[in-house]
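So you know, we letter chains A, B, ... as the sequences are listed, proteins then strands, and number each from 1. All of these numbers come straight from a predicted model, not from anything done at the bench.
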Amino acid sequence: MKKNRFNATSKAFAVLGLATLVACGQGEAGKDTAAKTVDSSTIEVSGEMKAELTAPPFVPASVGDRAAKKLIVDMEILEQEGTMTDGVKYVYWTFGGSVPGSFIRTRVGDEVEFTLKNHPDNKLPHNIDLHAVTGAGGGAASSFVAPGHEVTFSFKTLNPGLYVYHCATAPVGMHIANGMYGLILVEPEGGLPAVDREYYIMQGDFYTKGKNGDPGLQPFDMQKAVDENADYVVFNGKVGALTGDNALTAKVGETVRLYVGNGGPNLVSSFHVIGEIFDRVNIEGGTAVNENVQTTLIPAGGAAMVEFKVDVPGTFIIVDHSIFRAFNKGALGMLKVEGEENKKFYSGKQVEGIYNPEGGKIVATGDAPTAPTASTKAERIELGKQIYSQTCFACHQGEGQGIAGAFPPLAKSDYLNADVDRAIGIMLHGKTGEITVNGEVYNSVMTAQTLTDEEAANVLTYIYNSWGNNGTEVKPTDIMRVKSSH
Amino acid sequence: MIKVYLFIAVLFVSFFGNTQEPTAMKKIKRGAFVPLYGSDSLGVYVPDFMLDEYPVTNKQYLEFVKTHSKWKKSKVLRLFADKSYLRKWVNDTTLSTEIKLNSAITNVSWYAAKDYCACQGKRLPSMDEWEYAAMASETKPNAQADSIFNSKIIESYELPKTYKNEVGHKFKNYYGIYDMHGLVWEWTSDFNSVLISGESRQDVDTEKNLFCGSASINASNLMDYAAFMRYAFRGSIKANYNIQTLGFRCAKSIKK
């Protein structure tokens, strides 16, 4: 019988889970230290409580050492218009009014009484398939609900882990593509090890009729979804959900646990935090722990728990390391860490010099190519354009539009046009900290650029003569002047 | 209290006219088609029939309940309409201010819709009839292969709160029928004859009709997705449900 098989599996998981917990912190395998075997199907519940549900990036309080209970979960489905990125609207279908849907936190052995409400103004029927449910369809068949109605069903959480839930109403792909997914955590007995900060992040891919950035209310494009040709790949439902003022925060010395899910519908996430190494990863949200991980793969319809201690201050960029998604489609978030510098862990730039291989000569077979010099403004713009595409393009983007929340725009930029010397200074020395560009606050890092005076003048002239800027011509002498003024 | 109701009723009648204009009907010419999943997984033949030009409006339904008191909000039997029946009406004869008289009537049960049509000497269209008439674009009786038409339908299904628009808002199709897509869902006489379990993936695996039906049109066809949404909706409802986004129109057989 199916049930028995599942029980056997869950028993095995429970043993493993205990073993890992006991081993945690000692860095040693603790296979034989499991104190007792718990069959989660036999855990009795005592009392009932209403589940706390949270919108991302927050998670409810840990279960701690509470006993298994009857847990009442009350979730409303809302079809509502939201913002994909500046100027781009999208009709999201949501569990609880957010993408991803509300975070549900349970412990193993809980008996969850789940009520799913479909708002009367919604157009479509929906349901929910929770990957934490042991049973055909994960609850989908028993939760199918018409607009203006509600259904209730119950399940027992048999296996600890981090699980995806999603809508499974036809056409399934479309319901998921519109944002109908979220995470449900089943903590082991006694709860997960305590950490200082916990956050909820979920990646999803979106398919719009217009291209990335095309303004207005963008309808879902079924053909692009079938072709798996995403216009947006984002964390928490929109571009910039985790950048700028929405960035995650922590203090030096704290431990951070991220509950990371991937709703899909199509793409697999190469989850990475730039400048951090994950101390521990619960692979695929399960019980197995990998340590010292740079990038963890999160399948569509899967999850992972990643933990790390933040040792140095700074802004850590969270990306899908399928990297064009991060810089061109929106899969970019930020973790801002405040506190004391630790020069032993990370020095910052210590020495800067010229690197000339082979004793200072450039090895070349023919004549050494000389860097071209511009004699007219038009030439300056032309040469500057090449430098732009090599040096500036990755962050400030092809049309100088930047990336909302992360990298400020150069196009029609009030900040740029207001002060040429300041712009030269930023290019020479880099820029860290808060600036306001066209009414948006950016708090990011630009590194100093190692360009010759000629190159710096050309690229700035190109920028000032593109995308609606004020047409300033910057000459190498201006660069020298600013350099010597410091 | 009754006097007040009467007074309001009289106001309505005098303001909006006394007699109810029957909705004009258009002829749908017979033909065969393959529905996504229906009673027969092969072709379905639909004989000539007449179909209302517009969905039934609030104004028309208001006239109807005045003369058919068993369908008044306060009198209706729960067996025939759950408590969401005419949810946005203030009382038996007063609509809330947010409702337009010329918008489609919604929050009515299948029983109510069926009786309304019967009282007009009409009936609800069958699902096959409705689907057949709904295949028509502005210019073609069968636009199943027209990808632009189909993506427009999907877009219109996604748009929220379209029930607030007045009838005639959406395009007039080949037969001269308005609002088949993108205004409100519509009751059909046999809406529940397709058994969808709610676990759509299981349906795909085991429902033979569905499997054959979808295979015969090609699963990546956008028409399927629009139809999927309609069939999934029908599968989620019961005859005594009253839904904000669900209205109806009437049909009539043509006697030989």
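Other residues, nucleotides and ligands contribute more than 12 heavy atoms inside 6.0 Å of the CZ atom of B/F171. Residue-environment remark: NZ (A/K329) exceeds the threshold of 12 foreign heavy atoms within 6.0 Å. No more than 12 heavy atoms of other residues, nucleotides or ligands shown are found within 6.0 angstrom of NZ on B/K114.
Residue B/Y157 touches chain A through its backbone alone, counting heavy-atom pairs closer than 4.5 Å. B/L246 does not touch chain A: none of its heavy atoms, backbone or side chain, sits under 4.5 Å away. Heavy-atom distances place the side chain of B/D82, and not its backbone, under 4.5 Å from chain A. For B/K88, the part lying under 4.5 angstrom from a heavy atom of chain A is the side chain only. Residue A/H175 does not touch chain B at all, counting heavy-atom pairs closer than 4.5 Å.
Highest contact tally toward chain B, considering only A/E79, A/M174, A/Q80, is held by A/M174 [criterion: heavy-atom pairs under 4.5 Å]. Among B/S236, B/P160, B/S84, the residue making the largest number of heavy-atom pairs under 4.5 Å with chain A is B/S236.
A donor-acceptor contact closer than 3.5 angstrom is absent between the side chains of A/N122 and B/Q244. For the residue pair A/K123 / B/T162, a side-chain donor-acceptor distance below 3.5 Å is found, with atom types taken as modelled.
Summarising the geometry, atom CG belonging to A/N118 is positioned 8.5 Å from atom CD1 belonging to B/I243; distances are rounded to the nearest 0.5 Å. Here the CD1 atom belonging to B/I154 is positioned 9.0 Å from the CG atom belonging to A/D221, to the nearest 0.5 angstrom. How far CD of A/Q218 is from CD of B/E155: 9.5 Å, rounded to the nearest 0.5 Å. To the nearest 0.5 angstrom, B/L159 atom CG is 6.5 Å from A/L217 atom CG. Atom CG in A/L124 sits 5.0 Å away from atom CH2 in B/W185 (nearest 0.5 Å).
Between the B/E158 side chain and the A/V91 main chain, no donor and acceptor come within less than 3.5 Å of each other.
Between B/Y241 and A/H149 the shortest side-chain heavy-atom distance falls below 4.5 Å.
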